[in-house]
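Okay, structure first, notes after.
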2 protein chains.
Amino acid sequence: MLRLPPLSAIRAFEAAARHGNFTKAAEELGMTQAAVSYQVKLLEDRVGTPLFLRQPRRVVLSEAGKRLAPAVAEAFQRLNAAFASLRETDESVLSVSAVNTFCTNWLVPRLGTFQMAHPNIAVRLEASHRVVDFAMEEFDVAIRSGKGDWPGVKAHQLFPVELTAVASPEFMKRAGPIKRAEDLLPLPLLDCTDECWQRWFAQAGVSKLPRLKGPIVQMQTQQMIGSAAMAGQGVALVTPALFDTDLAAGRLVQILPTVVSHYDMKYWLVYPEERQKSAKIKAFRDWILAEVARDRIAKETAAPRLAIM
Amino acid sequence: MLRLPPLSAIRAFEAAARHGNFTKAAEELGMTQAAVSYQVKLLEDRVGTPLFLRQPRRVVLSEAGKRLAPAVAEAFQRLNAAFASLRETDESVLSVSAVNTFCTNWLVPRLGTFQMAHPNIAVRLEASHRVVDFAMEEFDVAIRSGKGDWPGVKAHQLFPVELTAVASPEFMKRAGPIKRAEDLLPLPLLDCTDECWQRWFAQAGVSKLPRLKGPIVQMQTQQMIGSAAMAGQGVALVTPALFDTDLAAGRLVQILPTVVSHYDMKYWLVYPEERQKSAKIKAFRDWILAEVARDRIAKETAAPRLAIM
DNA sequence: ACGATCCATAAGGTGGCTTTATGCTCTTCC
DNA sequence: GGAAGAGCATAAAGCCACCTTATGGATCGT
C-alpha cells in the first residue's frame, strides 16, 4: 500500500480547501496561518503537484486540488461521524459489575431511581463474584469489596462490610427467647466454616467458640446465606445494609445489636482512573454516593429493629 | 465541530485493529510496538473508553473498538483512494505553456514523436506570450525565452534565440540579386521597430542603419513576421530553428549566413524545482532535450541553405 | 499613497512522538 | 516443571517535525 502523506498536512489542506483561505483554516485548526501554509506546501511536495493556485490575496484550488478536496473532506466527515457516534452510543450504556449479593439486594432495588434521573443511560448489570480487570473485560464501573487499595482505579467507599446475626421471625419463635449472644451457641449457625462467627462472638463478649455443626452446606454468597435464614434454617451472619429491605419487611430480624466489621473491608465503587471524566460514570458515581448517604441517614435516625428488646 | 483525536493515534488504531496485533501494526507503520501501544492508549484516553481488551498474548477490539474500526478503516481507504487516483490522473496529462512561435513552429510538428513514446500522457498545450507563473496558473512545464535565471525553476537550455534574415523565394526573385547585407537596406524590413535589425546589420559589417519605413505593422510574434515574409511582404528577421520546416520546404530562404544572437537570450524548458521528480515532467524533459540534440546534429551536418551562394 | 489583507519564508524553540530498554504474563516446548 | 518465546505495558531519554514569531511582498480598497 502506498503510504499516505502526513495526516496533519492532509487535515490542513482539507480545512484550507473548505475555507478557500489559509488564515481562516488556521483559525479553525487552532494554529497560525504560517503553519497552514507550511503544511499545504508539504502536501504539495508530497503529491508532487500544486493543490492551490496562489492568486492575489486569495488561494483557489488547482485542478488536482479540486479532485482531491471532496474525497478528503468526505474521509474526514467519516471520521468525525464515527467518533461522534462513538461518543454518543458510548455514553448511553453503563456496564456495571457487582458482587452477587450487593447486586441483588442493594443495587437492583435502587436502580429505579437512577433510571428516573438518567433515562438516557441504560444499565447493563452483571453479577460476578470475581474481581473484574477493567483492561480485560468491558465494564465501566464495578462494586468490589476490599481495602480500596487497588492500583489504577478510582475507588469510592460505600459502606463497611459489617456482619450481624439475623434469622427469620418464625425461627426466632421456635428457638425461644434469646437475650444474650451465648444463647445462639446451640442454634444452627449457617455457614460457620469461616472465622466470622468467631469474631462476632468475640465482639459480643463470648469467648467460647461456637461448635462447628457436622456437615454444613458451604455457601458462596451472602445471598444464599440470607435466603437460608429467611427460610428458617438457622442464624445467619450478614451485612445488614444488604438486607435492609428484608429487615424492613420483617422477613429477617436482627437478633442482637452486635455488629462486627469484616476486617477492614468495605464496599467500594471503582472505575478506571483515566475514565473519571466520563459523563455516565460521573452520573452513576454521584447517584450511588447519594443513595449511600441517604441510607446512612435513614439508619441513624431509625433505631435498629431488634428481635429481642 | 468537535475536534478529532490526534490523527496519528487514529492511524495507529486503524492498523492495530486491522491486524489485531500491535506488533504487526507497528511493522506496517514503520515504527515500534511501543509507539503503537502509546498511540492506542492516547486514543483511548481521548475517547474515554477502551478500544482494545488486553488479553493474554493478544488484543481484541472492545465493543467500542468494534464500532469504531470499520468506519475508521473506511475513512482511510477513502483517503488512500483519493491520493492514489490523484497520482494516477495527475500523471496522465501534461500541461505545457509555450511562446506562440515556439509552440506552432517547433513544438507542435514534433509532438507526434512524444505521443508515440508516451501514449499514456496527454498533452495540453497553451500558446501564450506572457511568462507564466507556476504558482498562479496550472502548468507543468513551460518554454520561455530569457537568460535562464529565474528563481525557483529548473531551466534546461534548448537553443539560443538567434535571428537571421529570411524571405520568400518569390520575394527574392523580385528583389533581384543580393550579395551583401547592404543590399537589404532598400528592401522592406519587416517589423524593424526594435533594434534587432541594427544588431544584425552590425554583425554583418554594415554600420549604416536601416531606414525605418513609414508606418509599419508591428507584429508581436515571430509567427506573424514569418507569415508576412512567406507572403512575400518583405525581409524578416527570425530564428531559423523555429522555421526549419519552412526553410526545408523552401517557403522561406535564408538570405545571408549572418546570424545574430538576441542578446544572451535562449529558449528554455522550465518547470518548478520541486517537481523534478514528476514522471511526466521527466519524460517531457528527456524527450525535448533529445529532440533539440537531434536538431543540432542535423543542422551541423547539413550546410545551411542560403539564398545567395 | 497608505493601510489592510493575505500568503510566503526564514529562524528558532519545544513538545509530541519515537526508540530503547526492561518487565510482566501467558503459552509452548522440551 | 523449567526455559524459551511471544506479545503488550511502561519508563526514560532523545530528536525531529511542527508550530510560532517575525518579516516581507503583493494586491486591493479608499
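Reckoned from all heavy atoms, side chains included, excluding hydrogens, waters and symmetry mates. Throughout, a chain's letter reflects where its sequence line sits, starting with A, and its residues are numbered from 1.
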Given atom [atom1] of [X] and atom [atom2] of [N], what is their separation to the nearest angstrom?
{"X": "A/F134", "N": "D/dA9", "atom1": "CZ", "atom2": "C1'", "value": "19 Å"}
{"X": "A/L7", "N": "D/dC18", "atom1": "CG", "atom2": "P", "value": "10 Å"}
{"X": "B/L51", "N": "D/dC8", "atom1": "CG", "atom2": "P", "value": "15 Å"}
{"X": "B/Q33", "N": "C/dG23", "atom1": "CD", "atom2": "P", "value": "15 Å"}
{"X": "A/F22", "N": "C/dA8", "atom1": "CZ", "atom2": "C1'", "value": "10 Å"}
{"X": "B/R11", "N": "D/dA17", "atom1": "CZ", "atom2": "C1'", "value": "14 Å"}
{"X": "B/L61", "N": "D/dC8", "atom1": "CG", "atom2": "P", "value": "12 Å"}
{"X": "A/M31", "N": "C/dG15", "atom1": "CE", "atom2": "C1'", "value": "16 Å"}

### Task
Select one nucleotide: of D/dC18, C/dC17, D/dT20, the one nearest the side-chain heavy atoms of A/A35.
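Shortest atom-to-atom distance from the side chain points to D/dT20.
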
### Step-by-step side chain to side chain contact (heavy atoms under 4.5 Å, CB included) determination, B/F52 to B/F13
CA-CA 9 Å; B/F52 287 97; B/F13 165 73; 3.6 Å; yes

### Message
Between A/L43 and B/F83, is the side chain to side chain contact (heavy atoms under 4.5 Å, CB included) condition met? List the steps.
### Response
CA-CA 11 Å; A/L43 187 60; B/F83 280 95; 4.0 Å; yes

### Query
the helix from C/dA1-D/dT30 to C/dC30-D/dG1: angle between its terminal axes, five pairs each, to 10°?
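End axes: 30° apart.
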
Between [X] and [N], is there a contact of a side-chain N or O with OP1 or OP2 at under 4.0 Å?
{"X": "B/T32", "N": "C/dT18", "value": "no"}
{"X": "A/S37", "N": "C/dC7", "value": "no"}
{"X": "A/Q39", "N": "D/dA17", "value": "no"}
{"X": "B/T23", "N": "D/dA6", "value": "no"}
{"X": "A/K24", "N": "C/dC6", "value": "no"}
{"X": "B/R54", "N": "D/dA9", "value": "yes"}
{"X": "A/K41", "N": "C/dT9", "value": "yes"}
{"X": "B/N21", "N": "D/dA6", "value": "no"}

### Query
Going by an N to O cut-off under 4.0 Å, is there a salt bridge joining A/E91 and A/R275?
no

### Query
Is it true that A/R78 and B/E74 make a salt bridge, defined as a side-chain N closer than 4.0 Å to a carboxylate O?
yes

### Query
Taking only residues two or more places apart in sequence, or in another chain, which ones meet B/R124 in a salt bridge (Lys or Arg N to Asp or Glu O under 4.0 Å)?
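Checked B/R124 against salt bridge (Lys or Arg N to Asp or Glu O under 4.0 Å); matches are B/E126.
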
### Query
Relative to the 5' end of DNA chain C, which residue comes earlier, B/L42 or B/A34, by the nucleotide with the nearest heavy atom?
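Taking each residue's closest nucleotide, the earlier one in sequence belongs to B/L42.
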
### Message
At 4.0 Å (heavy atoms only), tell me whether B/V59 reaches a base, stays on the sugar-phosphate, or touches nothing.
### Response
sugar-phosphate

### Message
Quiz question: by atom type and distance under 3.5 Å, do the side chains of A/R67 and B/T89 form a donor-acceptor pair?
### Response
yes

### Contacts of A/E138 that satisfy side-chain contact (heavy atoms from CB on, under 4.5 Å) - sequence neighbours left out
B/L53, B/S62, B/E63

### Query
Within the distance-only criterion (no hydrogens, no angle test), does the side chain of B/K266 pair as donor or acceptor with the backbone N or O of B/G146 below 3.5 angstrom?
no

